[in-house]
Asker: 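Below is one structure. I have some questions about it.
In what follows, chains carry the letters A, B, and so on, assigned in the order in which the sequence lines appear, proteins first and then strands, with residues in each chain numbered from 1. It should be emphasised that the depicted structure is a prediction, and the values quoted were computed from it without experimental measurement.
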Protein chains: 2
Amino acid sequence: MSINREDGRPGRQGGAAFLLAQLGAHAAKLFAERIAGLDLTPAQAGLLRLLARTPGRSQRELADDLGMPPSRFVPFADELEERGLIERRKNPSDRRLYALHLTEQGESLLAELHKAGAAHEQQVCQALSPEEHQQLSALLRRMAEQHGLSPGVHPGYRSIRPDRPHVRSEQ
Amino acid sequence: MSINREDGRPGRQGGAAFLLAQLGAHAAKLFAERIAGLDLTPAQAGLLRLLARTPGRSQRELADDLGMPPSRFVPFADELEERGLIERRKNPSDRRLYALHLTEQGESLLAELHKAGAAHEQQVCQALSPEEHQQLSALLRRMAEQHGLSPGVHPGYRSIRPDRPHVRSEQ
DNA sequence: TATTGTTATACTCTATAACTATA
DNA sequence: TATAGTTATAGAGTATAACAATA
């Protein structure tokens, strides 16, 4: 039942691939808006999760995982450090490296983040019954695996910004 | 300790919403790469499709649909016009407006675009059986409808660029 | 006076590439 | 010599706002 477009053509624009991109962008936007309430961007949330999973890694490694150049990672980490969410410890075995860790405050914000993630999941899949929700997850998991997508932070994070309300620094 | 995943394995991050965003970004990237072979960006493809569906609209309307400011639409349309894919006709009833149309060349490129779209659909859903593929489409359609997403061009187009190989015009 | 298309400008974002300190 | 972190700079991409023509 292709409910839309009766203009002959393949009904609703595109099939699953198009819907995937459309819904994915929408979901990413909703998530960005949601965690903006925690004063976090998706990339910042991604770093917190990476540090929760594997503490003590170097900036270079983390920058690679987040898909950003090391030079951009510096001010990125600076802000989270100033906010007391992460901590740069010196790595004693190689003094060139930092070992990044979550602070206690970072851990508790991460807990908020997990709550936000659960609410987000419900919001996005609101239209589905619990069984359908599971079905969808299973299908998507298979697809992600087949495409070699890693379970971690996804690169779509890079381009999503939470419609910032024009808070310019000075001047 | 991360309350993240309890199944031992670091667990795939997130549920359906996360997978949706991840796969959606991946699909959008694949599509951008594919149509880069036609010398089109996703936004350009979007305009061609809009013009095929409803010819003769004004730049302002089209810019709105594509989610770009009118000022940005001007050079955007310029390029497609120079390439002979679209045409600016004067609207006789209101001489402030242009009426944009596809050229014949634009129509035939659109046909190529549809072929690319079909191949893309297969590539993205490769992991699924035909039945599962249909299942997925149905679930996603319901979700898109519930979220009020229109069947047309989606705004995720805005941020996807096809990793351009540094082909600068002249200079 | 409002609106379309256009141009100009200013600003944000980002990557590239130097620089330092360690190895 | 190579690498981690940092800083500086330049370039692309963008929106904002002024402008001319028409309504």
Side-chain angles (χ1 to χ4, degrees), chain A residues 32 41-44 46-47 50-51 54 56-82 86-101 155-171, chain B residues 32 36 41-44 46-47 50-51 56-82 86-101 155-171:
Chain A
T41 65
Q44 290 171 330
L47 179 57
L50 284 176
L51 291 183
T54 314
R57 296 212 289 156
S58 71
Q59 297 193 172
R60 161 78 58 165
E61 284 179 309
L62 293 163
D64 281 351
D65 275 17
L66 291 172
M68 61 174 69
S71 63
R72 199 178 138 207
F73 188 89
V74 174
F76 177 73
D78 284 348
E79 188 192 328
L80 293 176
E81 191 181 30
E82 283 161 19
I86 69 172
E87 193 177 18
R88 281 175 166 117
R89 302 187 194 156
K90 271 297 180 189
N91 188 328
S93 65
D94 185 337
R95 300 207 313 263
R96 292 174 304 181
L97 283 63
Y98 281 128
L100 266 61
H101 294 265
Y157 278 175
R158 270 172 267 180
S159 48
I160 305 296
R161 284 184 299 271
D163 281 354
R164 68 159 89 194
H166 262 287
V167 186
R168 62 190 62 219
S169 41
E170 261 98 44
Q171 191 210 4
Chain B
T41 66
Q44 291 171 330
L47 178 57
L50 284 177
L51 290 183
R57 297 211 290 157
S58 73
Q59 297 193 174
R60 160 78 59 169
E61 284 180 309
L62 293 163
D64 282 350
D65 274 18
L66 290 171
M68 60 173 69
S71 63
R72 199 178 137 205
F73 188 89
V74 174
F76 178 71
D78 284 348
E79 188 192 327
L80 293 177
E81 191 181 32
E82 284 160 18
I86 69 172
E87 194 176 18
R88 280 176 167 118
R89 303 186 194 157
K90 271 297 178 190
N91 188 329
S93 67
D94 186 337
R95 300 207 315 262
R96 292 174 304 181
L97 283 64
Y98 280 129
L100 267 61
H101 293 266
Y157 279 177
R158 269 172 270 179
S159 48
I160 303 297
R161 283 184 299 270
D163 282 355
R164 69 160 88 193
H166 262 289
V167 186
R168 63 191 59 221
S169 44
E170 256 93 43
Q171 186 259 0

Asker: Across nucleotides 17-23 of chain D, 5' to 3', mark each nucleotide with B, S or - according to how protein heavy atoms within less than 4.0 Å reach it.
Answerer: B----BS
Asker: Check the distance between dG5(C)'s C1' and I86(B)'s CD1 and give it to me in whole angstrom.
Answerer: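 Taking atom C1' of dG5(C) as the reference, CD1 of I86(B) is at 14 Å.
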Asker: Identify which one of N91(B), D64(B), L97(B), D65(B) satisfies the side chain to side chain contact (heavy atoms under 4.5 Å, CB included) criterion when paired with R57(B).
Answerer: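 In the set N91(B), D64(B), L97(B), D65(B), the residue that makes a side chain to side chain contact (heavy atoms under 4.5 Å, CB included) with R57(B) is D65(B).
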Asker: Under 4.0 Å, counting only non-hydrogen atoms across every strand here, what does F73(B) touch: a base, just sugar-phosphate, or nothing?
Answerer: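 Contact class for F73(B): none.
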Asker: Once rounded to the nearest 0.5 Å, what's the spacing between atom CG of L80(B) and atom OG1 of T41(B)?
Answerer: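 With rounding to 0.5 Å, CG (L80(B)) is 7.5 Å from OG1 (T41(B)).
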Asker: Out of dG5(C), dA4(D), dT16(D), which nucleotide sits closest to the side chain of P69(B)?
Answerer: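 Looking only at side-chain atoms, P69(B) lies closest to dT16(D).
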Asker: Can you tell if the side chain of R89(B) reaches within under 4.5 Å of the side chain of Y98(B), non-hydrogen atoms only?
Answerer: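 No, too far: nothing below the 4.5 Å cut-off.
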Asker: Atom CZ of R88(B) and atom P of dT4(C): how far apart are they, to the nearest Å?
Answerer: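 In whole Å, dT4(C) P and R88(B) CZ are 15 Å from each other.
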Asker: At under 4.0 Å, does any side-chain N or O of R60(B) touch on OP1 or OP2 of dT6(C)?
Answerer: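 So the side chain of R60(B) is outside the cut-off, no N or O lying under 4.0 Å from OP1 or OP2 of dT6(C).
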Asker: Can you give me the closest heavy-atom contact between P92(B) and R95(B), atom names plus distance?
Answerer: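 Nearest pair, atom of P92(B) first, then R95(B): O-CG, 4.2 Å.
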Asker: Going from CZ on F73(A) to CG on L62(A), what distance comes out if it is rounded to the nearest 0.5 angstrom?
Answerer: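 Answer rounded to 0.5 Å: 4.5 Å.
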Asker: How long is the line joining CG of D78(B) and P of dT7(C), in whole Å?
Answerer: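 The distance from CG of D78(B) to P of dT7(C) comes to 7 Å, rounded to the nearest Å.
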Asker: Please report, rounded to the nearest Å, how far the P atom of dA21(C) is from the CD atom of Q59(A).
Answerer: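 About 17 Å, once rounded to whole Å.
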Asker: Let me know the distance between CG of L97(A) and P of dT6(D), rounded to the nearest Å.
Answerer: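 These atoms are roughly 11 Å apart.
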Asker: Any side-chain N or O of R72(B) below 4.0 angstrom from OP1/OP2 of dA12(D)?
Answerer: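 Indeed not, no polar side-chain atom of R72(B) lies that close.
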Asker: To the nearest 0.5 Å, tell me how far L100(B) CG sits from R88(B) CZ.
Answerer: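 The CZ atom of R88(B) is 6.5 Å from CG of L100(B), to the nearest 0.5 Å.
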Asker: Which whole-number value in Å describes the distance from E79(B) CD to dT6(C) P?
Answerer: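 Between P of dT6(C) and CD of E79(B): 15 Å.
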Asker: Find the distance K90(A):NZ to dA23(C):C1' and express it as a whole number of Å.
Answerer: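 Taking NZ of K90(A) and C1' of dA23(C), I get 13 Å after rounding.
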Asker: Considering only heavy atoms from C-beta outward, does the side chain of L50(A) approach that of T54(A) to under 4.5 Å?
Answerer: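 They are not in side-chain contact.
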Asker: Whole angstroms only, please: what is the CG-C1' distance between D64(A) and dA4(D)?
Answerer: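 From D64(A) CG to dA4(D) C1': 12 Å.
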